[in-house]
Asks: 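A single structure is presented below for examination.
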Amino acid sequence: MLLAALAAADGTARGVLTGELADAITRRFDATSPLYIDVTTLRRYQQTGCARLNVLFWQEGVKLPGVAAPRRQTIEFGLNYCADGLPPRSLR
């Protein structure tokens with residue numbers, strides 16, 4: 001999704017996390033939806049193929065310990081990333 005967002009004209013990419021890890025997370029929290037990923041480009045750097053990305057993982061119907069009702073749960077973070085997998089040499 002990171003590479004897709006870097007390559008997209010609008011700087012966004014969306015998808016669903018699949019595989020054993022996604023299945024384990026969904027089972028652990030008895031969630032009612034797949035684990036979604038939304039990546040948006042906050043800023044493109046001068047270095048070709050590099051940007052500041054916002055990564056959002058979210059899932060509906062997550063049951064947390066000590067919380068009465070299931071709810072949408074999110075994890076969000078920023079990342080400086082380049083298409084070669086390395087961080088940018090400069091933040092300009």
Side-chain angles (χ1 to χ4, degrees):
M1 301 285 37
L2 302 177
L3 292 173
L6 288 175
D10 68 355
T12 64
R14 290 174 171 68
V16 175
L17 185 65
T18 60
E20 290 181 32
L21 179 59
D23 293 343
I25 292 168
T26 300
R27 280 192 310 271
R28 167 64 180 91
F29 295 106
D30 200 20
T32 60
S33 80
L35 185 55
Y36 294 98
I37 308 166
D38 298 337
V39 181
T40 54
T41 300
L42 301 175
R43 177 179 180 203
R44 294 192 189 268
Y45 296 121
Q46 290 177 354
Q47 184 179 341
T48 303
C50 297
R52 175 74 178 176
L53 302 174
N54 186 71
V55 181
L56 173 68
F57 289 91
W58 61 278
Q59 193 167 36
E60 298 288 351
V62 174
K63 295 179 183 174
L64 296 174
V67 177
R71 63 180 183 187
R72 179 180 177 152
Q73 191 68 31
T74 64
I75 298 173
E76 187 171 16
F77 58 92
L79 179 68
N80 294 320
Y81 190 75
C82 297
D84 63 6
L86 298 173
R89 290 185 296 274
S90 171
L91 298 182
R92 295 195 231 191

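Model, not experiment: these values are computed from the prediction.
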Asks: Under 4.5 Å between side-chain heavy atoms, hopping through other hydrophobics if needed: is there a path connecting Met1 to Leu3?
Replies: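 Yes; Leu3 is reachable from Met1 via cluster members.
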Asks: Considering only heavy atoms from C-beta outward, does the side chain of Arg92 approach that of Gln46 to under 4.5 Å?
Replies: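 SC-SC contact between Arg92 and Gln46 confirmed.
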Asks: Which residues pass the side chain to side chain donor-acceptor pair (under 3.5 Å) test with Arg72, not counting sequence neighbours?
Replies: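 Counting only residues at least two positions away or on another chain, Arg72 forms no side chain to side chain donor-acceptor pair (under 3.5 Å).
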Asks: Between the side chain of Thr32 and the main-chain N/O of Glu60, is any donor-acceptor distance below 3.5 Å?
Replies: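 Yes.
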Asks: Can you tell me which residue pairs pass the ring pair (Phe, Tyr, Trp, His ring centres under 6.0 Å) test with a partner in residues 34-53, sequence neighbours excluded?
Replies: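 As it turns out, the ring pair (Phe, Tyr, Trp, His ring centres under 6.0 Å) pairs with a partner in residues 34-53, which skip direct neighbours, are Tyr36-Trp58.
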Asks: Any non-hydrogen side-chain atom of Arg71 less than 4.5 Å from a side-chain atom of Leu64?
Replies: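 Arg71 vs Leu64: side chains touch.
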Asks: Atom CG in Leu56, atom OG1 in Thr40: separation rounded to 0.5 Å?
Replies: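 It comes to 8.0 Å.
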Asks: Roughly how far, to the nearest 0.5 Å, is the CG atom of Asp84 from the SG atom of Cys50?
Replies: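 Spacing of SG (Cys50) from CG (Asp84) equals 6.0 Å.
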Asks: Ignoring hydrogens and angles, tell me if any N or O in the side chain of Arg52 forms a donor-acceptor pair with the backbone of Leu91 under 3.5 Å.
Replies: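 Not at all, since once roles are kept as given, no pair shorter than 3.5 Å links the two residues.
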Asks: Could you tell me whether the side chain of Gln59 and the main chain of Ser33 form a donor-acceptor pair under 3.5 Å?
Replies: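 At least one qualifying donor-acceptor pair exists.
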Asks: As an exercise, state the distance from CG of Leu42 to CG of Asn80, rounded to the nearest 0.5 Å.
Replies: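 If we round to the nearest 0.5 Å, Leu42:CG and Asn80:CG are 9.5 Å apart.
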Asks: Looking only at heavy atoms, what is the nearest atom pair of Ala5 and Ala13, with distance?
Replies: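 Closest approach of Ala5 to Ala13, heavy atoms only: N-CB, 3.6 Å.
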Asks: Let me check something: do Val62 and Phe77 share a hydrophobic cluster, defined by ILVMFWY side-chain heavy atoms less than 4.5 Å apart, either directly or through other members?
Replies: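 Hydrophobic grouping puts Val62 with Phe77.
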Asks: Would you kindly confirm whether Val16 and Leu35 end up in one hydrophobic cluster when ILVMFWY residues are joined by side chain heavy atoms under 4.5 Å apart?
Replies: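 No, Val16 and Leu35 fall in different hydrophobic clusters.
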Asks: Could you give the distance from OG1 (Thr12) to CG (Asn54), rounded to the nearest 0.5 Å?
Replies: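 With rounding to 0.5 Å, OG1 (Thr12) is 12.0 Å from CG (Asn54).
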Asks: Should we count CZ of Arg89 as having more than 12 external heavy atoms under 6.0 Å?
Replies: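 At most 12 heavy atoms, drawn from other residues, nucleotides or ligands, come within 6.0 Å of this atom.
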Asks: Could you name each residue pair satisfying salt bridge (charged side-chain N to carboxylate O under 4.0 Å, His left out) that touches residues 10-21, not counting sequence neighbours?
Replies: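 Salt bridge (charged side-chain N to carboxylate O under 4.0 Å, His left out) check on residues 10-21 returns Arg14-Asp38.
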Asks: Minimum heavy-atom separation for Ala8 and Arg44, please, with both atom names.
Replies: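 Nearest pair, atom of Ala8 first, then Arg44: O-NH2, 2.9 Å.
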Asks: Report the distance from atom SG of Cys82 to atom CG of Leu53, rounding to the nearest 0.5 Å.
Replies: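 If we round to the nearest 0.5 Å, Cys82:SG and Leu53:CG are 9.5 Å apart.
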